[in-house]
Amino acid sequence: MGNTQSNLPTYYNADPTNDAYAHSLTGYVDLASEALGAKVVRASNERFGAASNLIKAREPQLAQKTKCSATRGELDAWVTRRHNPETDWAVIRLGSIGSVAGFNIDTRGLDGEHASQVSIQGCLAPENSAVDNCGDIEDVNWEELLPAIEIAPNSKHTLALWSPTAAVNFVRITLHPDGGVARLRILGTVAVNPEAVGEADLASVNAGARVIMASDEKLGAKENLILPGRATAESPETLGWKTRRSRSDDHTDWAIVQLGEPGFLTRIELDTGLYDGDQPVAASVQACYTEMANPERDPQCFWYQIVPRTELNGSKVHKIDVSLNDVPFSHIKLVVHPDGGVSRLRAYGQRVKEIEEEAAREEAEAAAEAALAAEIGLGSETPSAASENEEATSEATGEAAEDQQQVKVVAEEVVIVEITESETAADEAAADIVTAAFIEAEAISSAAESTTKSLIDVTVTEAPVVAESSGNNQETVIRSKKADKADKQDMPSTPPRKKQNKPRKNSGSESEVPAKDQFSSRAGELIQSLTSPMPIRKRANTRSRVEEDTDEGSTNTADSQPKRPRRKPKSRNQTAAN
């Protein structure tokens, strides 16, 4: 069939001979298949055939009864009664929301019972929308997808649209005026759910995946690999993808699946349900990335083996972890060794677009927070930058504390050195002072000895020597000597000095004649005042060599022994009285 509208053609016949192996609609998904979850919501009339036959996956019966009977639903097609004054219609809810690329209207088995003309409309409405008696949905306008066209009996009409439609989830087929249609295929692309997040089956038909091509599908359609759910015995047409028997162990069959969206794969599942004995010996999976629909047409496309050759068991789900979180893929190829059937193929992962959207959303949130922080005067740093700055600040603070600790240690060492040097200098200065004091004391002592000697000489020369022979006079002289000796013992120790000259004795007298009491008392006081050492301030661990020499051999010091009261010598008059 050709175009029915010369001015604005909207469709064309993709398979005029009805025997083409491939055409422009090959690889598209049947959105109106019951295997995908499609359902007939309502029909105007089902007198000789139920409208649910339109969405069956299996092929229609080629030899059907042409003689109408009163039994409803006898034909494997949707067939209405005759002489309808208006039109008959049926509303179908698609298995998934999608964009329509073409149609396949099948009238095989209906020779004389087919409709004269068919038209198709579509709309996007809530999933649980109700359909009224006129085939309308409240508050929804139907858009024409295919205008009214003539159809022939016992034939398939493969009609492709020049441009895909917008997303729809309901279609309405209208028969003009009545008749029947065996099967209706709405071929298109599943629209990806933008609200889907997290890990998903990217190889599912509901996610937008489709089987591009396969090496062989003699016993099972390749599109069954990506159908939702597990295969059931009630629908043998959707059991899975099954190839013919091969006679070589080196033979392999393969099927290429375009993922709904490029993604990072994490897990592969191979389901051999209901293929117990018909499963392959082993299977492997390859993957590639290309922007073309068919990777075989991209010379730069390279296949990576993500699942090595793995033995398969019948009626079992084989789960294989791949964890390819750093490499995105757009297509996968299932390779079976050597032949057999696989029910379902699953490829779980996360969409690249979702990851990019998440990163963009995080950047937008960070920018909004930065703008808000800038408005309230808290700076324009993002939380990540603020955390980095906090870490840098803490590191700088730690380094500054370490530097301060090192400076403190060095400063303490310098202070210790300075204190040691100052103490050494102070000790040296104190030692010099002590040495000078002792030198001055020695000079004063020498001067005092000279003065004492002169006074003694003068006293001895001027005082008359009286010789007393009585016992009282001798006793007085002896007591005077003892008193002088006691006075000398009470005097503090002084540095060693020259030996003093004893007073001269009268050669003619038998005993020593003492000087006058007045002169003796004054001389003793003068000698004591001149020979007493100067008080010296003590320092810890500071001793001069002069002090060491003085302390050696002298135990009777002013610091070591307490002072005894000095007894005053008796006068001459008291001695005489005694």
Side-chain angles (χ1 to χ4, degrees), residues 19-23 25-30 35 57-59 201-205 209-228 230-231 235-259 265 267-290 292-298 301-320 322 329-348:
D19 59 358
Y21 176 76
H23 46 76
L25 294 179
T26 301
Y28 282 97
V29 178
D30 181 11
R58 60 180 176 82
E59 297 295 324
D201 180 13
L202 301 179
S204 173
V205 64
R210 59 176 184 164
V211 182
I212 301 299
M213 56 190 306
S215 61
D216 182 76
E217 49 180 337
K218 179 69 175 180
L219 304 176
K222 61 183 183 298
E223 288 79 13
N224 295 334
L225 282 173
I226 60 176
L227 291 178
R230 299 196 67 184
S235 180
E237 295 80 9
T238 60
L239 284 182
W241 170 56
K242 186 177 179 181
T243 65
R244 71 186 72 190
R245 296 175 184 265
S246 66
R247 304 305 176 185
S248 173
D249 295 337
D250 297 334
H251 179 79
T252 58
D253 284 320
W254 49 265
I256 298 177
V257 178
Q258 182 182 13
L259 302 179
L265 302 181
R267 187 174 75 254
I268 299 294
E269 290 186 4
L270 299 176
D271 186 2
T272 57
L274 301 181
Y275 281 136
D276 189 5
D278 278 341
Q279 80 277 7
V281 175
S284 60
V285 180
Q286 301 174 3
C288 72
Y289 182 85
T290 179
M292 301 183 67
N294 189 352
E296 299 295 330
R297 299 177 181 178
D298 186 359
C301 180
F302 181 80
W303 291 98
Y304 297 88
Q305 182 167 291
I306 60 175
V307 176
R309 179 168 176 168
T310 305
E311 294 184 0
L312 300 181
N313 297 323
S315 300
K316 181 180 178 181
V317 178
H318 304 77
K319 298 180 181 181
I320 306 167
V322 292
F329 294 108
S330 61
H331 295 72
I332 59 174
K333 177 192 285 187
L334 173 62
V335 181
V336 295
H337 308 269
D339 51 51
V342 176
S343 177
R344 299 290 186 266
L345 170 64
R346 310 295 185 204
Y348 291 93

For R210 and A293 the tightest heavy-atom approach is NH2-CB, 3.9 Å

My understanding is that only one of L202, V211, V205 makes a side chain to side chain contact (heavy atoms under 4.5 Å, CB included) with V257; could you say which?
V211

Closest heavy-atom pair, D201 versus A347, reported as atoms and distance to 0.1 Å, is OD1-N, 3.0 Å

Side chain proximity check, I256 to E296, heavy atoms < 4.5 angstrom
yes

Would you mind reporting whether H318 and T310 have side-chain heavy atoms less than 4.5 Å apart?
no

Is there side-chain contact between S343 and L274, with heavy atoms separated by less than 4.5 Å?
no

Keeping T272 on the side-chain end and K316 on the backbone end, is there a donor-acceptor pair under 3.5 Å?
yes

Any side-chain heavy-atom pair of W254 and V335 under 4.5 Å:
yes

Taking all non-hydrogen atoms of both residues into account, name the closest pair between C288 and C301 and its distance.
SG-SG, 3.2 Å

Is any side-chain heavy atom of V307 closer than 4.5 Å to a side-chain heavy atom of V322?
yes

Could I get the full list of side-chain hydrogen bond (donor to acceptor under 3.5 Å, both in side chains) partners for Q305, not counting sequence neighbours?
none

pair L345-I332: side-chain heavy atoms closer than 4.5 Å
yes

Presence of salt bridge, D271 and R230, under 4.0 angstrom
yes

Please list, chain by chain and in numerical order, all residues satisfying side-chain hydrogen bond (donor to acceptor under 3.5 Å, both in side chains) with T238, sequence neighbours excluded.
S235

